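What you see is a predicted model; the values in this text were computed from it and never measured. Excluded from the calculations below are hydrogen atoms, water molecules and symmetry mates; all remaining heavy atoms, backbone and side chain alike, are included. The residues of the chain are indexed from 1 along the displayed sequence.
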Amino acid sequence: MARRPVITVLDKMIALDLLKTVFSVWTVIVVIIVSQKFIKILEKAVEGHISNDTILTVLGLKTIIVGITLLPAATFMALLMVLGRLYKDQEMSAIATAGGGAGTIYRAVFLLALPLSILTYGLSMYASPWAEARMQGVMNQDEQSSDIRGIAAGKFSEYSRGDLVFYVENITSDNKMQSVFVQKRKNADLSIITAEQSHFEDLPGGRYMVFENGEHTQGHPGDFNYTIEAFKAYAVKIEEKALSNTLTPKAVASSQLSKSVEPRDITELQNRLSVPLTILLFAFLAVPLAKISPRGGIYGSMMLGFLIYFSHGNFSGITQSWVVKGTIPVWPGVFWVILAFILIGFMLLANWYGFQWVILSIKKRISK
């Protein structure tokens, strides 16, 4: 008698369909979310907080972080779509007629969900914090020179929320600025510098902007008490902002978080671990969830799926804040949410087979 293969043709068919759908759904939602993030990155570039040279770097790192975070959502949506399509095309009825039940569907689903969760574990624990740390480092370096970036010929450039205004008529090939106008506001005082030309120069004590052949006017708007000074050379030190070496918990390596006893660090570690676990949780929930509305087709259970997904996200956020505040113990911490949704999954499975059948099965096992 021929032995039944561990992985059947049905398993391969469902798993391959799931893989294609997961990739398609994941690509769409990542593009949508990253597009919104890109607009915010462009706003920071316009404000001078990051340079034009690092926009693509920041966008690429942001895409990595967002892509890893959205893997559970994409998997859940793909599962509901594929299983809904199987119900709509009566393929589930054919599987049931052949003697297949929930176990048959779970085997095919976890053929993809299990390796995907292992991959996500590595991405969430190592790739995501690396990308976050790299992005914070790039942005901190850009912040240091944000008050002198983006000076272009023929236009006014504002920095420090409008307190610093530059105008340069022309910039030569050797980076000398001609016909320069600078306005600097500090509290109620106003300072204006006009010069024939200027350039950046590294001098003892730091980096300076050196103005040549111009006037420096200083005073308070509305008063007649102004100070006007003519100069041949006038140097203004470019204030260097201290680089922050402190990383947020999202950018700290997982190995360091595992040694920490701070609730905020433990919560971040639990959050990273919950990403692959959530993929397995959604795979467990999707099978009985798709059966609730079998005639609804691809989108039959999607609304209920969205409700479960957003409820899971909101409860996870609330639990994290409780752990940080010390309202609940750090362990199991955010995993309480996963345990609660596993219980919901068992209730959905009981609804699939019928609560009466479940009760009778339990009684038979107890009587034995």
Practice prompt. Could you tell me which non-hydrogen atom of Pro249 sits nearest to which non-hydrogen atom of Leu257, and how far apart they are?
Written response: O-CD1, 4.1 Å
Discussion item. Just by distance, no angles: are the side chains of Asn213 and Gln197 close enough, under 3.5 Å, to form a donor-acceptor pair?
Written reply: no
Worksheet, complete the sentence: For Ile338 and Ser274 the tightest heavy-atom approach is CD1-CB, 4.2 Å
Worksheet, complete the sentence: What one should report as the nearest heavy-atom pair of Gly305 and Leu80 is CA-CD1, 3.8 Å
Worksheet item: Is there a donor-acceptor pair under 3.5 Å between the side chain of Ser124 and the backbone N or O of Arg272?
Response: yes
Discussion item. Please tell me whether Val275 and Ile118 are part of a single hydrophobic cluster in this structure, the criterion being side-chain heavy atoms less than 4.5 Å apart.
Written reply: no
Discussion item. When you compare the side chain of Leu59 with that of Val34, does any pair of heavy atoms fall below 4.5 Å?
Written reply: yes
Response to the item:
Heavy atoms of Pro72 and Ile279 approach each other most closely as CA-CG1, 3.8 Å
Worksheet item: Heavy-atom distance under 4.5 Å between the side chains of Ser316 and Val334, does that happen here?
Response: no
Give the table of side-chain donor-acceptor pairs shorter than 3.5 Å for residues 280-288, with sequence neighbours excluded, one pair per line with atom names and distance.
none

Discussion item. Count I, L, V, M, F, W, Y as connected when their side-chain heavy atoms are under 4.5 Å apart, and connections chain through other members. Are Leu119 and Ile64 then in the same cluster?
Written reply: yes
Item to complete: Kindly compute the distance separating OG (Ser255) from OH (Tyr126), expressed to the nearest 0.5 Å.
Response: 7.5 Å
Item to complete: Kindly determine whether Ile192 and Glu215 satisfy side chain to side chain contact (heavy atoms under 4.5 Å, CB included), including the steps that lead there.
Response: CA-CA 8 Å; Ile192 295 176; Glu215 287 186 347; over 6 Å; no
Item to complete: Check whether any side-chain heavy atom of Leu273 lies under 4.5 Å from a side-chain heavy atom of Tyr121, and answer yes or no.
Response: yes
Worksheet entry | Where at least one partner belongs to residues 13-39, residue pairs that pass salt bridge (Lys or Arg N to Asp or Glu O under 4.0 Å), sequence neighbours excluded | Asp17-Arg85
Discussion item. For His312 together with Phe341, are the ring centres under 6.0 Å from each other?
Written reply: yes
Item to complete: Calculate, to the nearest 0.5 Å, the distance between atoms OG and CE belonging to Ser198 and Met177 respectively.
Response: 3.5 Å
Discussion item. Test side chain to side chain contact (heavy atoms under 4.5 Å, CB included) on Thr172 and Gln178; report intermediate values, then the result.
Written reply: CA-CA 8 Å; Thr172 62; Gln178 298 176 333; 3.5 Å; yes
Discussion item. Strictly distance-based, threshold 3.5 Å: is any side-chain N or O of Trp26 a donor or acceptor partner for the main-chain N or O of Gly67?
Written reply: yes
Practice prompt. Search all heavy atoms of Leu112 against all heavy atoms of Ala15 and return the closest pair with its distance.
Written response: CD2-O, 4.2 Å
Worksheet item: Less than 4.5 Å apart, any side-chain heavy atom of Ile328 and any of Thr319?
Response: yes
Worksheet item: Are Leu16 and Phe23 connected, step by step, through hydrophobic side chains (Ile, Leu, Val, Met, Phe, Trp, Tyr) whose heavy atoms are closer than 4.5 Å?
Response: no
Fill in: Pairwise side-chain contact, Gln320 with Asn271, heavy-atom cut-off 4.5 Å (strictly under)
yes
Worksheet item: Looking only at side chains, do Thr248 and Gln136 share a donor and an acceptor under 3.5 Å apart?
Response: yes
Worksheet item: Would Ile65 end up clustered with Leu70 when hydrophobic side chains under 4.5 Å apart are linked, directly or stepwise?
Response: yes
Discussion item. Is any side-chain heavy atom of Trp331 closer than 4.5 Å to one of Ile266?
Written reply: yes
Item to complete: Could you tell me whether the side chain of His199 reaches within less than 4.5 Å of the side chain of Glu212, counting heavy atoms only?
Response: yes
Discussion item. Looking at Phe110, I'd like to know if its CZ atom is crowded, meaning that more than 12 non-hydrogen atoms belonging to other residues, nucleotides or ligands lie closer than 6.0 Å.
Written reply: yes
Worksheet item: With side chains defined as the heavy atoms from C-beta onward, is the minimum distance between Leu269 and Ser258 less than 4.5 Å?
Response: yes
Worksheet item: So, the side chain of Ser254 versus the backbone of Met125: is there a donor-acceptor pair under 3.5 Å, distance only?
Response: yes
Worksheet item: Taking atom CZ of Phe231 as the centre, does the number of heavy atoms from other residues, nucleotides or ligands within less than 6.0 Å exceed 12?
Response: yes
